[in-house]
Q: 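Shown below is the structure under consideration.
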Amino acid sequence: MASGNDSSVTEFILLGLTQQPELQLPLFFVFLGIYVVTVVGNIGLLILIGVNSHLHTPMYYFLFKLSFIDLCYSSVITPKMLMSFVKQNIISYVECMAQLYFFSFFVIDECYILTSMAYDRYVAICKPLLYKVTMFHQVCLMLMLGAYMMGFVGAVTHTVCMLKLTFCDGNIVNHYMCDIPPLLQLSCTSTYINELVVFIVVGINVIVPSLTIFISYTLIVSNILHIRSTEGRSKAFSTCSSHIMTVSLFFGSSAFMYLKPFPAGFLDQDKVSTVFYTIVGPMMNPFIYSLRNKAVQIALSKTLKKRVFS
C-alpha cells in the first residue's frame, strides 16, 4: 500500500473552501459560473486574436499566451474544487502530486508572461522607433521559451521535494487543491528543506518579475510625463492600465500567500488569497484586456459582423 516515497497515505481528502453546509450549494453555482465565464472568455480571446491578422503583434502574442495559461491552470484547479461543494472530495496521491506540478508550472509561466508584457510595453512607449527591431518574432519566442523553462524547473523542484516527504496518518488537506503549505502540514518528516525551497523558488519567481515590471513601469511613467499632448499621455496610460491591474491582482495575492513564514495551521484567509490568483484572475483577465482595449473591441465588432452577415 506504500507509495513511491514510502508514505502510508495513498489518497488525500480536500476539505474545500468552506465547511459550512449552508454555503456549499450557493458557492458551487458561483464558482461554476466563474469557471464557465473563464473558459468562454479565454477561448473567445484566443479565437479573436487568432482570426484577426491585425492583432498578430508582440503585445497580442503575449496576451494569447496569457489566455492559454489562464485557461489551463484554471482547468487544473476549478473542476476538482467544485466537487468539494457537493461531496467528499478524495484525490489520489498520484493525482495530488500531478495537480501540484501543473499548478506550479502554469503559475510560474504566468509570472514571466506578465513580465514579458511589461517589457513589451516599455519598448513600445519608451523606444517606439526601435520597437519592430527589438520585439521581432524570435525575441518573443525566446521570452516564451524562457517562461516555460522557468515554469518547468520550478514545478519539478517543488514536486520532487514534496515526493521526498513521508505522509503517515494525516490525509485531510485543509484546502480546495493540493498546494504546498497545507501539504507540508501533513508531513511526519522534517519540512525544513521544502520551506527553504519554497522561499527561494517563489522568491525568485515573484521578486525578480515584480522588480522587472516595477522598473519597466517606472521608466514608462517617466516617459509618459514628458509627452506634451494630453491625448498622447492618455493613450499611453490606457495601453498600460490593463496590464497594471492584472499584475497587481496576480502578484499581490501570490506574494501574500507564499512570501511569509508558514503558520501552524492553514488559515481561511490563505484560501481566500489563493482564490484571487487561481480562479478570479483567469476570469477577469479577458475582460480587463478587452473592455479597456480599443483594438480588441474593433476586432470583436468586425468578427461579429462577419458572422452575422456571412
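Not measured: the values here are computed from a predicted model. Note: hydrogens, waters and symmetry copies are ignored here, and every other heavy atom, side chains too, is used.
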Q: Distance from M142 atom CE to S116 atom OG, nearest 0.5 Å?
A: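 If I round to the nearest 0.5 Å, the distance is 11.5 Å.
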Q: If Ile, Leu, Val, Met, Phe, Trp and Tyr residues are connected whenever their side-chain heavy atoms lie under 4.5 Å apart, and connections chain through other members, are I207 and Y112 in the same group?
A: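 No; Y112 is not reachable from I207 via cluster members.
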Q: What's the spacing between N89 CG and K87 NZ if we round to 0.5 Å?
A: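 Atom-to-atom, N89:CG and K87:NZ are 7.5 Å apart.
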Q: Quick one: closest heavy-atom pair of G151 and F105, and the distance?
A: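 For G151 and F105, the tightest heavy-atom pair comes out as C-CD1, 3.4 Å.
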Q: Does K80 use its side chain to pair, donor to acceptor, with the backbone of I90 at less than 3.5 Å?
A: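 Side chain of K80 to backbone of I90, a donor-acceptor pair under 3.5 Å: yes, one is there.
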Q: Looking only at non-hydrogen atoms, find the nearest pair between S74 and P282 and report the distance.
A: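 Minimum heavy-atom separation between S74 and P282: CB-CB, 4.1 Å.
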Q: Whether the side chain of H56 engages the backbone of G50 through a donor-acceptor N/O pair (distance < 3.5 Å, no angle test) should be reported.
A: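 A pair under 3.5 Å: yes.
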Q: Return yes if some donor-acceptor pair links the side-chain N/O of K271 with the main-chain N/O of G16 below 3.5 Å, else return no.
A: yes
Q: Are there over 12 heavy-atom neighbours, none belonging to Y131, within less than 6.0 Å of that residue's OH?
A: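 Enclosed: over 12 neighbouring heavy atoms sit under 6.0 Å from OH of Y131.
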Q: So, does Q24 use its side chain to make a donor-acceptor pair with the main chain of T18 at under 3.5 Å?
A: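 Checked: pair present.
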Q: Measuring from atom CD1 of I69 to atom CD1 of I108, what distance do you get when rounded to the nearest 0.5 angstrom?
A: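 One gets 11.5 Å once the value is rounded to the nearest 0.5 Å.
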Q: Should the ring pair F85 and F31 be called parallel, tilted or perpendicular, given that the plane angle runs from 0 to 90° and is split at 30 and 60?
A: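 Parallel.
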Q: Any side-chain heavy atom of N171 sitting closer than 4.5 Å to one from Y93?
A: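 No, too far: nothing below the 4.5 Å cut-off.
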Q: Do L114 and L66 have side chains that get closer than 4.5 Å, going by heavy atoms?
A: yes
Q: Could you pull out the closest heavy-atom pair between P286 and M283, with the gap in Å?
A: CD-O, 3.3 Å
Q: Mind checking side-chain contact (heavy atoms from CB on, under 4.5 Å) for V76 and listing every partner two or more places apart, or none if nothing turns up?
A: Q99, F102, F106
Q: What are the two closest non-hydrogen atoms of H158 and L100, and how far apart are they?
A: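 For H158 and L100, the tightest heavy-atom pair comes out as O-CD2, 4.5 Å.
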Q: For the atom pair CG (N223) and OH (Y217), what is the distance rounded to the nearest 0.5 Å?
A: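 N223 CG to Y217 OH: 13.0 Å, rounded to 0.5 Å.
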Q: If you define the side chain from C-beta out and look only at heavy atoms, does anything of D109 sit under 4.5 Å from C72?
A: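 Of all side-chain heavy-atom pairs linking C72 with D109, none is under 4.5 Å.
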Q: In this structure, are over 12 heavy atoms from other groups packed under 6.0 Å from F214 atom CZ?
A: no
Q: Is the shortest heavy-atom distance from the side chain of M135 to the side chain of Y119 under 4.5 Å?
A: yes
Q: Out of the candidates V36, T38, N42, only one should pair with V40 under the side chain to side chain contact (heavy atoms under 4.5 Å, CB included) rule; please name it.
A: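 Per the side chain to side chain contact (heavy atoms under 4.5 Å, CB included) rule, the option paired with V40 is V36, out of V36, T38, N42.
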Q: I'd like to check Y60 versus N52 (side-chain heavy atoms, cut-off strictly below 4.5 Å). Are they in contact?
A: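 No, every pair of side-chain atoms sits at 4.5 Å or beyond.
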Q: Measuring from atom CD1 of I279 to atom CE of M81, what distance do you get when rounded to the nearest 0.5 angstrom?
A: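 Result: 4.0 Å between the selected atoms.
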Q: Is the count of non-hydrogen atoms from other residues, nucleotides or ligands lying under 6.0 Å from Y148 atom OH greater than 12?
A: yes
Q: Working to the nearest 0.5 angstrom, can you tell me the gap between M97 CE and C178 SG?
A: 6.0 Å
Q: Is the closest side-chain heavy-atom distance between L165 and L184 below 4.5 Å?
A: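 Touching, per the 4.5 Å side-chain cut-off.
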Q: Go through it in stages, so that I can follow the logic: the residues are L183 and V173, the test is side-chain contact (heavy atoms from CB on, under 4.5 Å), and I'd like the CA-CA distance, side-chain angles, deciding distance and then a yes or no.
A: CA-CA 6 Å; L183 286 175; V173 181; 3.9 Å; yes
Q: Looking at every non-hydrogen atom in both residues, tell me the closest pair between V153 and T157 and how far apart they are.
A: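 Residues V153 and T157, closest heavy atoms: O-OG1, 2.7 Å.
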Q: Find out whether E110 and V107 are in side-chain contact, i.e. whether some heavy atom of one side chain is under 4.5 Å from a heavy atom of the other.
A: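 No, side chains not in contact.
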Q: Can you name the nearest heavy-atom pair linking I213 to A118, along with the distance?
A: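 Nearest heavy atoms, I213 then A118: CG1-CB, 3.8 Å.
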Q: Dump the intermediate steps for side-chain contact (heavy atoms from CB on, under 4.5 Å) on K164 and I193, then the final yes or no.
A: CA-CA 10 Å; K164 290 182 178 295; I193 297 298; over 6 Å; no
Q: Check for a donor-acceptor pair, side chain of T191 on one end and backbone N or O of N194 on the other, with a separation under 3.5 Å.
A: no
Q: By the definition side chain to side chain contact (heavy atoms under 4.5 Å, CB included), identify the one residue from V51, L45, L46 that meets it with I49.
A: L45
Q: Looking only at side chains, do T78 and Y176 share a donor and an acceptor under 3.5 Å apart?
A: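 On atom types as modelled, these side chains do not qualify, holding no pair under 3.5 Å.
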Q: For the residue pair F62 and M144, establish whether any side-chain heavy-atom pair is separated by less than 4.5 Å.
A: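 In short, these two side chains touch, coming nearer than 4.5 Å.
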